[in-house]
Amino acid sequence: MLELRHLELDLYTTNARSIAVKDYYKLADQWFQHVYPVICLLVVGYSLLAVVQFNLIALMAPGLALRGPDGSVHLAVEGLMIEYRAATYWFAQSIFWTVMLLLVYAWSAGAYRPQYAKISLTVVAGGAILAIFVQTRSIARQFAASSVVSGAFYPHDAEML
C-alpha cells in the first residue's frame, strides 16, 4: 500500500512540475530563458504600477478638491491631469510588454515550435499593436480639447471685482 502511495506521489509531482515548467521553456536557448522571466516581471510591474497609480488618483484627488484650502479644486484637477498621463503611460507600457512577451514566447522554442506557428503569433502580435495604436489615435482625436480653460477660482480674484 505504501508503494502505491509513493507512485501516486511521484505521478502528481511529475504532473505539477510539467505544468509549472513547460517543455518548450526547457527547449529554448539560454537567451530566451533569461529574457522571458524578465519580460514577465516587466508586464506585472508596469500593470501593478498603473493599477496603484490609478487607485491613488481616484482616492486622493477628490479629497484634496473637497477638503483642501482655497484653490484646491484647481490643484486637484491639474494634479489629476499630470498623474493620469503618467498612469496611462504605465498602462501602455504593460500592454506593449505583454505583446513583446507573446513574441518572445513565439520564437523561444527553437525547432520545437513549427515555423508557421511562430509567424502566425508574430502576425497576431503585430495586428494587436496596430489595432491598439489605431484605436488610441482615434480616441485621442475625438476627445482632444481645442482650447484649455483652467476654471480656477482664487480668493484674490474676488477682491478685484
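All values below were derived from every heavy atom in this structure, side-chain atoms included, with hydrogens, water molecules and symmetry-related copies excluded.
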Notebook entry, point to check: Is any side-chain heavy atom of Leu9 less than 4.5 Å from a side-chain heavy atom of Arg5?
Noted result: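 Counting from C-beta outward, Leu9 and Arg5 never come under 4.5 Å.
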Notebook entry, point to check: Does Arg85 reach the side chain of Tyr89, with side-chain heavy atoms less than 4.5 Å apart?
Noted result: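 A side-chain contact is absent here, since even the closest heavy-atom pair is not under 4.5 Å.
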Closest non-hydrogen atom pair between [X] and [Y], with its separation:
X: Leu64; Y: Ser72; answer: O-OG, 3.1 Å
X: Ile57; Y: Pro62; answer: O-CD, 3.8 Å
X: Ala86; Y: Gln53; answer: CB-NE2, 3.5 Å
X: Gln30; Y: His34; answer: O-CD2, 2.9 Å
X: Ala117; Y: Ser120; answer: O-OG, 3.0 Å
X: Ala61; Y: Ala76; answer: O-CB, 3.6 Å

Transitive ILVMFWY side-chain link [X] to [Y], under 4.5 Å:
X: Met100; Y: Val124; answer: yes
X: Leu75; Y: Leu59; answer: no
X: Val73; Y: Leu80; answer: no
X: Leu121; Y: Val35; answer: yes
X: Ile95; Y: Leu102; answer: no

Notebook entry, point to check: Do Thr122 and Trp107 have side-chain N/O donor and acceptor atoms under 3.5 Å apart?
Noted result: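 Judged by distance alone, the side chains do pair up.
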Notebook entry, point to check: Is the count of non-hydrogen atoms from other residues, nucleotides or ligands lying under 6.0 Å from Glu3 atom CD greater than 12?
Noted result: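 Open: at most 12 neighbouring heavy atoms sit under 6.0 Å from CD of Glu3.
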Next item on the list: Would you mind telling me which of Trp90, Phe91, Tyr84 makes a ring pair (Phe, Tyr, Trp, His ring centres under 6.0 Å) with Phe54?
Entry: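 Among Trp90, Phe91, Tyr84, the one meeting ring pair (Phe, Tyr, Trp, His ring centres under 6.0 Å) with Phe54 is Tyr84.
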Once you round to the nearest 0.5 Å, how far does [atom1] of [X] lie from [atom2] of [Y]?
X: Leu103; Y: Thr98; atom1: CG; atom2: OG1; answer: 11.5 Å
X: Tyr105; Y: Ile39; atom1: OH; atom2: CD1; answer: 14.5 Å
X: Leu41; Y: Leu101; atom1: CG; atom2: CG; answer: 11.5 Å

Next item on the list: Output yes when a side-chain donor or acceptor of Ser94 lies under 3.5 Å from a complementary backbone atom of Tyr46, and no otherwise.
Entry: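 Absent.
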